[in-house]
Amino acid sequence: MLTWKSGTSTFLTLSLLAGVATPILTPATASAQLFPGQRQQRNRPTYSTQVIIPAGTEIPVEYDEAEKILVTEEETMPLTVTVASNIRNNRNQILVPYGSQLVGQLEPVGGGSQFVARELILPEGSRLPIIASSQVVTRREEVNSGTDVGSILQGAAIGAAATTVISLITGDRSAGLGEIFGGAGLGALGGWLLGGNDDSTQLISIDPSRDLDVTLNSDLSVTARRTNF
């Protein structure tokens with residue numbers, strides 16, 4: 001079972017410089033309000049203004065497609081996650097709505113893997129460029145010739161390169177060797193052979209419930225919306 005992010009109000013401290021017609025407004029704090037599955041009620045008036053969410057702000061996310069993600073140390077894998085809470089400031093303005101999507105990829109770095117988000121897709125379909133990244137994950141899972149492939153595949157999202165290596169080591173084509181032998185899979189095969197690993201390997205194992213939350217690497221300009229409650 002996935003670990004849902006919960007809590008009535010998890011506060012994220014950040015300074016927000018807001019302005020539309022005026023150059024500078026009083027800095028405001030923001031909080032992440034966790035409402036899994038909740039949708040905004042209709043027919044409530046909203047008010048909007050442009051604000052800047054500064055670099056260093058953390059955005060909690062969730063990924064319900066798998067209980068773990070396996071990739072090789074050298075693998076790049078496309079990934080889309082969901083913002084797990086409403087990000088609000090102390091004026092009750094929603095800066096990043098719950099349910100927004102972060103589109104990016106897992107990238108190799110420092111002997112591990114890191115999720116890097118490049119695009120924010122808001123629930124109504126608006127798209128904003130974003131630069132945000134997760135922590136670097138170095139947790140590993142060993143695969144050898146005696147590994148039960150079924151236990152690896154259960155509840156897991158596996159990159160093409162990792163799938164190729166698993167298939168070759170275990171000899172089990174149910175892992176998908178016949179479908180992805182090429183591209184990233186072929187590159188993984190070359191690295192695996194050059195490394196002399198003929199009967200075992202270690203894959204990076206990512207836990208979506210705790211490893212994919214991101215931090216903004218640069219300021220993000222958004223349209224804040226305030227709903228009258």
Side-chain angles (χ1 to χ4, degrees), residues 2 55-84 96 100-121 127-144 147 149 152-170 172-198 200-218 220:
L2 291 177
T57 300
E58 295 183 0
I59 300 177
V61 306
E62 58 191 14
Y63 179 76
D64 60 5
E65 299 299 319
E67 297 177 8
K68 67 179 177 181
I69 303 173
L70 296 177
V71 292
T72 67
E73 287 185 14
E74 303 83 12
E75 184 166 10
T76 297
M77 174 182 170
L79 188 68
T80 298
V81 300
T82 302
V83 175
V96 179
S100 300
Q101 292 185 313
L102 290 173
V103 181
Q105 60 186 17
L106 294 171
E107 299 180 359
V109 56
S113 185
Q114 179 183 50
F115 174 59
V116 178
R118 301 294 185 186
E119 186 177 41
L120 171 65
I121 304 178
R127 295 173 179 262
L128 300 173
I130 188 174
I131 303 178
S133 58
S134 72
Q135 62 180 319
V136 177
V137 181
T138 58
R139 188 183 311 108
R140 298 173 185 277
E141 181 170 335
E142 183 172 0
V143 178
N144 55 50
T147 298
V149 174
I152 298 176
L153 296 179
Q154 185 175 8
I158 306 178
T163 300
T164 298
V165 172
I166 292 171
S167 295
L168 291 170
I169 290 176
T170 64
D172 191 334
R173 288 180 176 269
S174 67
L177 175 61
E179 298 178 3
I180 54 83
F181 191 71
L186 186 58
L189 173 60
W192 179 66
L193 292 175
L194 290 174
N197 302 317
D198 56 353
S200 68
T201 193
Q202 289 191 338
L203 301 175
I204 303 298
S205 180
I206 298 169
D207 182 349
S209 68
R210 58 175 174 165
D211 294 336
L212 297 177
D213 291 350
V214 299
T215 300
L216 288 177
N217 297 328
S218 64
L220 176 64

**Request:** Could you walk me through whether V214 and S133 pass side-chain contact (heavy atoms from CB on, under 4.5 Å), step by step?
**Result:** CA-CA 5 Å; V214 299; S133 58; 5.9 Å; no
**Request:** Any chance you could lay out the side-chain contact (heavy atoms from CB on, under 4.5 Å) test for T82 and L212, step after step, and finish with the verdict?
**Result:** CA-CA 10 Å; T82 302; L212 297 177; over 6 Å; no
**Request:** Please test V136 against T138 for side-chain contact (heavy atoms from CB on, under 4.5 Å), starting from the C-alpha separation and ending with a verdict.
**Result:** CA-CA 7 Å; V136 177; T138 58; 4.3 Å; yes
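In terms of the side-chain hydrogen bond (donor to acceptor under 3.5 Å, both in side chains) criterion, T215 has no residue partners (sequence neighbours excluded). Under the salt bridge (charged side-chain N to carboxylate O under 4.0 Å, His left out) criterion, E141 pairs with K68, not counting sequence neighbours. Shown here are the side-chain contact (heavy atoms from CB on, under 4.5 Å) partners of R127, two or more places apart in sequence or in another chain: E119, I121. N144 meets the side-chain contact (heavy atoms from CB on, under 4.5 Å) test with E142, T147, S200; sequence neighbours excluded. Residues that satisfy the side-chain hydrogen bond (donor to acceptor under 3.5 Å, both in side chains) test with D207, not counting sequence neighbours, are S209, R210. Taking T80 as the reference, Q101, V103 meet the side-chain contact (heavy atoms from CB on, under 4.5 Å) condition, with sequence neighbours excluded. Listed by chain and number, the residues in a side-chain contact (heavy atoms from CB on, under 4.5 Å) with S100 are V83, V96, P97, L120, L122, P123 (sequence neighbours excluded).
With a 6.0 Å radius and a threshold of 12 heavy atoms from other residues, nucleotides or ligands, Q154 has its CD atom at or below the threshold.
Although no hydrogens or angles enter the test, the distance criterion places a donor-acceptor pair under 3.5 Å between the side chain of E75 and the main chain of A160.
Of the inter-residue distances, the one linking L102 atom CG with I59 atom CD1 reads 6.0 Å to the nearest 0.5 angstrom. Within the model, atoms CD1 of I166 and CG of L70 stand 6.0 Å from one another, a figure rounded to the nearest 0.5 Å. Between atom CD1 of residue I158 and atom OG1 of residue T163 there is a gap of 5.0 Å, rounded to the nearest 0.5 Å. Remark: I69 CD1 to L203 CG distance equals 13.0 Å, nearest 0.5 Å.
Here the shortest heavy-atom pairing between D211 and S134 reads O-CB, 3.4 Å. P129 approaches L220 most closely through the heavy-atom pair O-CD1, 3.6 Å. In terms of heavy atoms, A66 sits closest to A156 at CB-C, 3.9 Å.
Here side-chain hydrogen bond (donor to acceptor under 3.5 Å, both in side chains) pairs that include residues 107-117, with residues two or more places apart or in two chains, are Q105-E107.
By the 4.5 Å heavy-atom criterion applied to side chains, V143 and V165 are not counted as neighbours. Looking only at side-chain heavy atoms (C-beta outward), I206 and F115 stay at 4.5 Å or farther from each other.
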